[in-house]
Amino acid sequence: MRPAFSVILLTTLIGVGQGLFLALFSVQVLTRIGMLAAPAAPGFYPVASAIALAFLAAGLVASFFHLGRPERAWRAAAMWRTSWLSREVIVLPAFMACVFLYALGHHLGWPSQPLFAGIDATLAIGAIGTALCLLLFLCTGMVYACLKFLPEWHTPLTVVNYLAFGCASGLMLAAAYAALVEPKLVRFLAAWAAGFTAVALFTRVASLIRNGRLRPRSTLQTAIGVKHPRIVQSSQGFMGGSFNTREFFHGRPGAFLRAVKWSFLVAVFPVPVALLGAGALAASPALVAAAFLVQYAGLLGERWFFFAQATHPQNLYYQRVA
Amino acid sequence: MTQLALVIDLNVCVGCQACVTSCKEWNTSGAAGFLSDDNPYGADPTGTFFNRVQTFEVGEYPNTQTVHFPKSCLHCEDPPCVPVCPTGASYKRAEDGIVLVDYDKCIGCKYCAWACPYGVREVDEHQKVMKKCTLCVDRIYDQQLAPSDRKPACVMACPTNARLFGDIHDPASEVSQAIRENAGYQLMPEWGTHPANHYLPRRKQELKIHDDALERVDNPLKIDGKLPRPGVREPALDDVTTW
């Protein structure tokens with residue numbers, strides 16, 4: 001598949017936003033049950049929630065560039081009964097609304113007014129937001145995992161990877177934010193960011209190993225229904241390109257793919273964790289921010305590779321320009 | 001239930017591309033708007049087509065066969081492109097089984113093309129919506145046309161009659177009979193999409209010669225000698241009425 005940059009940006013940006021929100025809400029819950037000291041910085045939650053919202057909005061904007069007819073995007077909410085893409089289209093704005101209310105609630109000081117049984121409004125909104133956030137990870141992953149024709153994507157590991165990468169990158173950003181405004185939270189968040197990065201490493205390597213062993217289910221024999229071991233296409237039926245030759249071929253040599261793979265494996269996992277560790281120990285916001293930026297850049301490569309690695313059976317029909 | 005479909009006889013197709021041009025001509029002229037082309041005479045021509053004729057070489061020289069392979073939307077009975085569409089623009093008609101795209105609802109997200117293993121959906125680069133074979137839905141029900149013309153444009157154009165059109169759910173139809181009698185098959189059956197379009201395989205052409213074709217009917221006793229000359233007024237047995 002040809003990697004679509006709008007979709008690469010969408011999935012990585014909303015992953016960061018979702019992970020940051022989960023980190024914030026976890027801090028709030030742990031603070032409430034007394035396992036963490038409450039953040040002292042004024043505007044800790046509202047500003048961080050606004051940052052999460054900005055990432056989600058940037059992802060949403062990026063997604064519009066994928067559409068041929070963005071002015072009709074509202075129609076995409078129609079088929080939520082059957083389409084994971086439609087479900088994602090519904091859950092993303094709902095989650096963004098929750099994050100907005102969460103930021104607003106913290107800004108207006110709702111935590112000081114408990115609703116019932118010690119639960120205040122922001123905790124309730126945060127709980128709903130967490131549910132929507134996890135649902136959004138599921139929808140985003142299933143958009144790809146539900147396509148049985150792309151065996152590289154058609155696995156639960158796709159959903160797990162989206163979740164793990166989102167949490168890892170969001171926690172990295174949370175650690176960088178805390179390093180700036182609330183240094184005593186840095187070690188806690190950095191530890192979790194490193195933990196989720198390790199989980200992501202495990203699940204992504206598992207999917208890489210799995211994908212390396214896949215054998216295509218369709219062959220030229222089943223594609224045209226001729227049972228002969230040697231079939232060669234001599235003409236795809238047209239002299240130039242078409243949508244089918246542009247959308248489904250990345251057109252890069254195998255060496256380029258391998259280079260991207262090893263680059264993202266380095267940029268997403270060991271380098272950010274090392275920078276993060278150094279930043280947390282030295283209490284350096286710049287190092288922690290660098291950890292986030294390096295990992296985000298690596299995630300762009302990871303998502304590019306995710307697309308490029310998938311081989312569509314339709315490619316069997318488009319092998320020879322003539 | 002009706003399921004309209006094409007049956008394409010690979011034994012007969014000569015790869016002349018008449019169905020491609022006829023399809024393009026009909027479908028670029030319809031109410032749904034043009035099928036865009038870019039650089040038709042340039043270095044890198046590109047365009048939207050519903051139908052493509054591809055060519056494959058089967059076997060190793062000298063034992064090779066050239067197989068011309070027309071390919072368009074197969075109007076699957078379980079179309080994987082339909083449930084993934086977020087807007088409902090892609091749909092399968094209940095009354096005749098044709099899979100269509102509502103060009104006014106399509107947002108051009110290309111997700112349906114990802115969900116089609118056959119590569120028969122093409123985005124129109126100018127109208128920015130997904131397009132595909134409609135089985136000439138604007139032609140096959142047109143009461144203005146003579147009944148014999150109510151067929152898809154590709155079927156009308158085929159000079160070798162390699163394309164048949166009809167209801168594959170009607171066991172008496174021409175297409176059902178062709179599938180039944182000539183081992184019609186579906187493409188990529190491994191995905192369970194149940195394509196409605198079928199292909200008839202290459203098959204050995206045998207000339208059946210019956211005994212009575214070798215043996216003169218008017219010589220039942222195998223008397224190969226010269227028959228007696230009939231009278232001038234009598235007709236000959238082979239109906240050459242007179243000498």
Side-chain angles (χ1 to χ4, degrees), chain A residues 1 4 66-73 75-89 143-144 146-150 217-218 220 222-228 230-248 312-318 320 322, chain B residues 10 15 17 20 39 42-49 52-60 65-67 69 71 80 82-89 105-111 113-125 127-130 185-191 199 201-202:
Chain A
M1 302 288 290
H66 187 66
L67 303 182
R69 294 277 195 162
E71 75 277 12
R72 296 176 182 166
R75 287 186 181 275
M79 301 304 280
W80 55 273
R81 287 181 191 81
T82 61
S83 170
W84 280 105
L85 182 54
S86 185
R87 289 166 200 164
E88 189 188 18
V89 165
V143 164
Y144 307 94
C146 75
L147 295 173
K148 61 184 172 184
F149 308 110
L150 291 152
R217 201 159 155 193
S218 289
L220 214 40
T222 67
I224 67 168
V226 175
K227 291 171 188 63
H228 191 288
R230 188 183 177 278
I231 304 175
V232 181
Q233 187 170 50
S234 46
S235 163
Q236 63 184 8
F238 46 97
M239 304 293 286
S242 77
F243 170 72
N244 305 79
T245 61
R246 289 188 291 269
E247 177 79 359
F248 297 92
H312 201 285
Q314 77 106 39
N315 293 6
L316 291 168
Y317 293 109
Y318 298 94
R320 182 71 65 85
Chain B
L10 299 184
Q17 313 270 342
V20 178
N39 309 319
D44 188 20
T46 182
T48 308
F49 284 75
R52 309 271 195 185
V53 177
Q54 309 188 319
T55 305
F56 294 87
E57 190 177 87
V58 178
E60 205 142 0
Q65 287 243 351
T66 299
V67 175
F69 180 80
K71 183 166 80 80
V82 168
V84 301
C85 175
T87 67
K105 279 188 187 170
C106 178
I107 57 172
C109 71
K110 312 180 193 85
Y111 195 36
W114 294 6
C116 169
Y118 305 103
V120 292
R121 290 177 160 256
E122 301 191 12
V123 158
D124 190 299
E125 298 290 351
Q127 295 175 32
K128 302 286 184 191
V129 293
M130 192 59 72
Y185 63 87
Q186 297 167 321
L187 304 184
M188 290 188 186
E190 63 271 23
W191 296 114
Y199 287 77
R202 281 299 179 89

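Each chain gets a letter, A, B and so on, in the order the sequences are listed, and its residues count up from 1.
- A cation-pi geometry, defined here as NZ or CZ lying under 6.0 Å from the six-membered ring centre and within 45° of its normal, holds between B/K71 and A/Y317.
- Proximity to chain A is limited to the backbone of B/V53, based on heavy atoms less than 4.5 angstrom apart.
- For B/C109, the parts lying near chain A are the backbone and the side chain together; criterion is any non-hydrogen pair under 4.5 Å.
- Looking only at heavy-atom pairs under 4.5 Å with chain B, the residue among A/T82, A/T222, A/I231 that has the most is A/T222.
- For B/P117, the parts sitting under 4.5 Å from any heavy atom of chain A are the backbone and the side chain alike.
- For A/S235, the side chain to side chain contact (heavy atoms under 4.5 Å, CB included) partners at least two apart in sequence or on another chain are A/A322, B/T55.
- Legend: residues meeting side-chain hydrogen bond (donor to acceptor under 3.5 Å, both in side chains) with A/E247, ordered by chain and number and at least two apart, are B/W114.
- Both the backbone and the side chain of A/A223 come within less than 4.5 Å of a heavy atom in chain B.
- Only the side chain of B/E125 comes within less than 4.5 Å of a heavy atom of chain A; its backbone N, CA, C and O stay farther away.
- For B/A113, the parts lying near chain A are the backbone and the side chain together; criterion is any non-hydrogen pair under 4.5 Å.
- Only the side chain of A/F238 comes within contact range of chain B, with heavy atoms under 4.5 Å apart.
- Proximity to chain A is limited to the backbone of B/V120, based on heavy atoms less than 4.5 angstrom apart.
- For B/R202, no part lies under 4.5 angstrom from a heavy atom of chain A.
- Interface remark: A/H66 contributes backbone and side-chain atoms alike to the contact with chain B (heavy atom separation under 4.5 Å).
- Electrostatic pairing of B/E122 and A/R246 does not count as a salt bridge here, judged by no charged N lying under 4.0 Å from a carboxylate O.
- For B/Y199, no part sits under 4.5 Å from any heavy atom of chain A, backbone or side chain.
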